[in-house]
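Below is one structure, written out as structure tokens; the observations come after it.
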Amino acid sequence: MTVSVHELELDLDAFQGPFDLLLSLVLREELPLREIDLAEVVIAFVEHLDRKGELDLDACGEFLVLISALLELKARAMFPDEDAELAELEPEEAAEELARRLAEYRRAKEAAQFLRKRIEERRTFFFRLGPAPLAPKVERSLAPQEPEKLAAALRVLAIEPPAPSLAHMALRFPPVSQFLERWRSLLRRRSRFDFDQEVEGLSRVEIAVAFLALLELRKQDEIAIAQAAPFAPIRISRADAERSLSWTVRSA
Amino acid sequence: MDRPLRLIPTETTQSAELARTLEALLVVASQPLSLEELQSACEADAEEIGDALELLWKRYAEGSSGIVLEHVAGGFAFRASADAAEACARLFERPAEKGLSQAALETVAIVAYLGPVSRPEIARIRGVNVDGVVAGLVERGLIAEGGRDNEFGAIRYRTTPLFERVFGLESLASLPRVDDLGADVGEIRERLEAVAEKRTA
Amino acid sequence: MDRPLRLIPTETTQSAELARTLEALLVVASQPLSLEELQSACEADAEEIGDALELLWKRYAEGSSGIVLEHVAGGFAFRASADAAEACARLFERPAEKGLSQAALETVAIVAYLGPVSRPEIARIRGVNVDGVVAGLVERGLIAEGGRDNEFGAIRYRTTPLFERVFGLESLASLPRVDDLGADVGEIRERLEAVAEKRTA
């Protein structure tokens with residue numbers, strides 16, 4: 001049993017102490033992994049190996065296992081509630097997305113550091129928040145108004161309220177099964193379709209039920225649902241059809 | 001500096017230093033600062049603060065600076081000099097607002113056509129609490145208090161000359177006609193109240 | 001005054017007068033005043049304002065008065081001199097920046113660099129729910145709502161002039177560039193190479 005990994009001493013921005021302690025703090029979720037610069041840990045290990053002057057293969061192996069576990073944990077932490085989203089991306093896309101987010105988060109941290117420094121520098125600067133005690137009062141003025149607006153406003157108040165509507169009592173829900181059948185037969189003929197196109201002209205309730213049917217099919221893994229951006233057309237494709245490259249809506 | 005050197009009594013430099021601290025406090029304060037507040041902030045006694053204020057009093061007198069030290073009820077505060085009043089007015093002038101909100105428009109219309117009316121009456125017609133809207137219209141000077149329902153009754157509101165100017169009216173008599181709502185004020189009021197009742201039913 | 005009398009060019013007295021007006025405006029303003037605001041309040045041109053500001057710049061420099069003129073948040077504003085910080089701290093809180101957490105700083109940084117951004121976008125970068133942090137920053141007045149993603153989309157946030165003031169920025173453009181990982185990657189590579197070189201040596 002080698003001791004090299006355990007005796008690795010770290011001196012990072014967010015942590016100072018033995019690698020062991022870092023591991024246990026992370027696992028007990030007492031130290032957010034996103035605060036830890038893992039590249040620094042790797043460098044520390046390489047320098048540590050160098051100081052020892054001999055290549056300890058056991059130590060290297062153990063370190064590789066531990067550091068890759070940490071890297072994976074950190075990667076997952078970048079997608080807290082979006083594991084599904086990440087999982088549905090192609091591996092290269094997922095890697096790219098992950099790198100992009102890491103870079104963005106790193107930039108945010110650097111910017112935060114700059115701001116922290118600024119507060120420190122300006123600690124001795126006081127300024128007034130809000131108006132001066134004896135500032136002149138702000139006058140609110142109103143542009144000239146059409147007198148007809150007054151008559152119109154009064155007429156609005158004289159509009160009889162509509163008789164209570166009973167229309168909602170007659171709301172009829174088409175059965176979900178009707179749409180399940182419709183979507184299945186459509187997908188037997190075509191590998192994909194645009195939801196919005198297919199439900200054009202239907203009532204709001206019908207569209208809602210049609211969408212419920214989609215979710216049901218998705219749950220049963222019969223279809224894939226994709227949308228390029230919020231409010232973009234919703235694209236439906238057979239689950240076995242080739243996967244779309246665009247972002248995939250999960251469970252909705 | 002080509003002024004001859006002279007010995008400055010320590011007291012004066014102390015006062016000058018304290019005066020600077022007071023300047024700083026006064027420029028940051030959003031309320032007048034009392035003598036007690038100045039004392040505790042500077043950790044100085046009343047006399048020391050008094051001496052320093054004396055210096056500021058001269059430095060920030062009307063006519064010698066754009067900043068004027070003022071003694072008001074709550075204590076000491078800086079204000080703009082009277083000479084700068086016009087520039088200040090231009091700075092604080094807001095661009096004219098384009099129009100009133102629907103709630104304000106309905107309320108002012110009720111006051112114009114049916115006034116003087118009390119807040120409860122307006123509320124009955126509009127079917128909502130109107131305290132905020134009425135207060136807003138009073139603040140803008142479009143309506144004003146004008147007597148009471150009876151000696152101990154609710155305050156009644158009427159429109160103001162400013163209201164007439166804004167709406168381009170020579171007088172209330174030149175309000176657009178609303179014959180379609182009723183033959184006279186009494187009828188219109190009854191009709192509006194009847195509709196309001198149905199609305200809330 | 002025992003200085004010899006001399007003719008003072010009109011220009012200088014004009015500047016001195018304008019400087020007084022500027023003093024007055026600055027002492028009552030609730031936010032830094034831009035050159036444009038000063039120009040239109042004083043009805044003067046940019047050059048005239050510039051000359052007057054020059055005078056104030058000297059008069060209200062750190063060390064010469066308790067009041068200090070600073071160029072911040074796209075305008076000019078008075079603040080207390082640093083010498084008076086202790087006295088100020090006894091009297092005034094700093095509600096905007098007091099106790100800002102790391103999470104709040106990261107969030108406000110994201111809004112400053114990428115704004116206007118919506119909460120979901122911030123959450124995506126920070127990897128955690130940011131609703132509470134965003135609400136806190138709005139409460140402090142450091143960020144404010146500024147439009148929506150689209151008509152029905154998420155509310156987007158941007159930083160306020162107060163943010164620039166608290167952090168002493170002349171404008172958002174004076175935030176330093178936060179570059180991609182470029183610098184870090186370079187440094188990591190260098191350090192690894194240094195180790196490698198020692199080994200082969």
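Within every chain, numbering begins at 1; the chains are lettered A, B, ... in the order of the sequence lines, protein sequences first and strands thereafter.
Residue with the most contacts toward chain C among B:Val28, B:Leu22, B:Thr21: B:Val28 (heavy-atom pairs, distance under 4.5 Å). Counting heavy-atom pairs closer than 4.5 Å to chain B, the top-ranked of the candidates C:Ala19, C:Ala84, C:Cys88, C:Ala41 is C:Ala41. Looking only at heavy-atom pairs under 4.5 Å with chain B, the residue among C:Ser30, C:Gly63, C:Ala29 that has the most is C:Gly63. Counting heavy-atom pairs closer than 4.5 Å to chain C, the top residue among B:Ala89, B:Ala87, B:Ser40, B:Cys42 is B:Ala87.
For the pair C:Glu48 (side chain) and C:Asp45 (backbone), a donor-acceptor distance under 3.5 Å is present.
In this structure, the portion of C:Val27 lying under 4.5 Å from any heavy atom of chain B is its side chain and not its backbone. For C:Arg20, the parts lying under 4.5 angstrom from a heavy atom of chain B are both the backbone and the side chain. Residue contact with chain C, scored on non-hydrogen atoms closer than 4.5 Å, involves the side chain of B:Leu33 exclusively.
Using a 4.5 Å heavy-atom cutoff, the side chains of B:Leu192 and B:Arg189 are not in contact. At a threshold of 4.5 Å between non-hydrogen side-chain atoms, the residues C:Leu56 and C:Leu26 count as touching.
In C:Glu86, the CD atom is not crowded: 12 or fewer heavy atoms of neighbouring residues, nucleotides or ligands sit closer than 6.0 Å.
Ion pairing of B:Glu54 with B:Lys58 is absent here, as no side-chain N (NZ or NE/NH1/NH2) approaches a carboxylate O to less than 4.0 Å.
Using the six-membered ring where Trp is involved, B:Trp57 and B:Phe76 have ring planes that are perpendicular, over 60° apart on the 30 and 60° scheme.
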